[in-house]
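Sequential numbering from 1 along the given sequence is applied to the chain's residues.
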Amino acid sequence: MSSGVAVNDECISKFNDMKLKHTMKYIIYKMNDGMTEVQVHKVGGKEATYAEFLAELPEADCRYAVFDVAYVDPKTSNERNKLTFFAWCPDVAKVKPKMIYASSKDELKKRLVGIACEIQGSDQGDIEYDEVVKNIIRLSK
């Protein structure tokens, strides 16, 4: 832990439920008020949409998230799903949270075994659905 920020055990257990039981579409993580621990902030049920997920990301604060992205594989025309990690640090966020989130990301990500893709988002264009799918397809090659 280079940043000294801990990861609450619930972060991993919720992720494992999402991965194995398919009971959630997304999980949003945030730092506690003291910026010392990553915690589960919000969970979207399996019927949640990408638009609902995006609406949960604050305009001026950082978050981590995992979304189960469904897309059509251009090679096979089959529907696929990939667990995608989001590091949301909007340009307008304060510098200190941006630095803490950036330095703590790897600790959370390495404990979420099964992540297929990572998306860095600093504005809405970075996290538009079509852009995310392009990145997943590019990384799947």
Side-chain angles (χ1 to χ4, degrees), residues 1-94 96-141:
M1 282 187 288
S2 60
S3 67
V5 172
V7 176
N8 187 293
D9 289 341
E10 184 188 19
C11 296
I12 290 84
S13 64
K14 286 282 187 199
F15 174 77
N16 288 334
D17 286 348
M18 178 184 193
K19 179 174 70 172
L20 301 172
K21 297 178 183 174
H22 307 285
T23 56
M24 295 162 250
K25 193 67 175 171
Y26 66 83
I27 304 169
I28 296 176
Y29 304 98
K30 72 179 260 187
M31 297 281 181
N32 65 355
D33 291 340
M35 302 291 273
T36 58
E37 183 180 63
V38 179
Q39 301 174 336
V40 172
H41 173 63
K42 180 99 179 186
V43 172
K46 64 181 177 181
E47 302 302 321
T49 66
Y50 194 72
E52 291 168 346
F53 165 68
L54 292 181
E56 293 294 337
L57 297 177
E59 286 183 29
D61 202 2
C62 304
R63 295 288 185 271
Y64 304 120
V66 177
F67 191 91
D68 188 6
V69 178
Y71 68 99
V72 175
D73 186 325
K75 291 182 217 161
T76 63
S77 297
N78 292 330
E79 187 168 306
R80 307 274 319 261
N81 285 63
K82 295 282 184 185
L83 292 174
T84 305
F85 181 86
F86 289 79
W88 173 244
C89 287
D91 291 331
V92 295
K94 292 181 179 173
K96 183 178 178 181
K98 284 167 61 169
M99 290 175 60
I100 292 172
Y101 271 81
S103 64
S104 305
K105 175 186 71 169
D106 289 339
E107 182 62 27
L108 174 61
K109 205 174 129 192
K110 78 179 182 187
R111 296 185 61 193
L112 303 179
V113 177
I115 296 291
C117 180
E118 178 182 337
I119 302 296
Q120 298 274 343
S122 59
D123 64 40
Q124 289 297 323
D126 296 336
I127 57 173
E128 286 179 4
Y129 178 79
D130 291 341
E131 196 63 34
V132 170
V133 170
K134 279 185 210 171
N135 281 317
I136 291 171
I137 291 168
R138 180 178 51 79
L139 293 170
S140 297
K141 291 181 178 180

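Between Pro74 and Ile137, the closest heavy-atom pair is CD-CD1, 3.7 Å. Among all heavy-atom pairs drawn from Ala70 and Glu79, the shortest one is CB-OE2, 3.9 Å. Closest heavy-atom contact between Val69 and Tyr129: CG1-CE1, 4.1 Å. The heavy-atom pair separating Ile119 from Cys117 by the smallest distance is CD1-SG, 4.1 Å. Of all the heavy atoms in Phe86 and Val132, the pair that sits closest is CE2-CG2, 3.9 Å. Listed here is the closest heavy atom pair of Met24 and Lys14: CE-O, 3.4 Å.
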From CA spacing to verdict: side-chain contact (heavy atoms from CB on, under 4.5 Å), Met18, Asp68: CA-CA 8 Å; Met18 178 184 193; Asp68 188 6; 4.0 Å; yes
Stepwise side-chain hydrogen bond (donor to acceptor under 3.5 Å, both in side chains) check, Ser13 with Asp9: CA-CA 6 Å; Ser13 64; Asp9 289 341; over 6 Å; no
Derivation and outcome, side-chain contact (heavy atoms from CB on, under 4.5 Å), residues Ile115 and Phe15: CA-CA 10 Å; Ile115 296 291; Phe15 174 77; 3.6 Å; yes
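Atom-to-atom distance recorded for Asn8:CG and Glu37:CD is 4.0 Å, nearest 0.5 angstrom. Atom CG of Asn135 is separated from atom CG of Asp126 by 9.0 Å, given to the nearest 0.5 angstrom. Going from atom CD1 of Ile27 over to atom SG of Cys11 covers 8.5 Å, rounded to the nearest 0.5 Å. Note: Tyr26 OH to Leu54 CG = 9.5 Å, rounded to the nearest 0.5 Å. Note that the CD atom of Glu52 and the NZ atom of Lys42 stand 9.0 Å from one another [nearest 0.5 Å]. The OH atom of Tyr64 sits 4.0 Å away from atom CE of Met31, with the distance rounded to the nearest 0.5 Å.
Ring-plane geometry between Phe53 and Phe67 is classed as tilted, the angle between the planes lying from 30 to 60 degrees on a 0 to 90 degree scale.
The shortest side-chain heavy-atom distance between Leu108 and Tyr101 does not fall under the 4.5 Å cut-off. Counting heavy atoms from C-beta outward, Pro90 and Glu59 have side chains that stay 4.5 Å or more apart.
A salt bridge links Lys21 with Asp17; the closest basic N to acidic carboxylate O contact falls under 4.0 Å. Salt-bridge annotation for Glu118 and Lys105: present, with a side-chain N of the basic residue lying under 4.0 Å from a carboxylate O of the acidic one.
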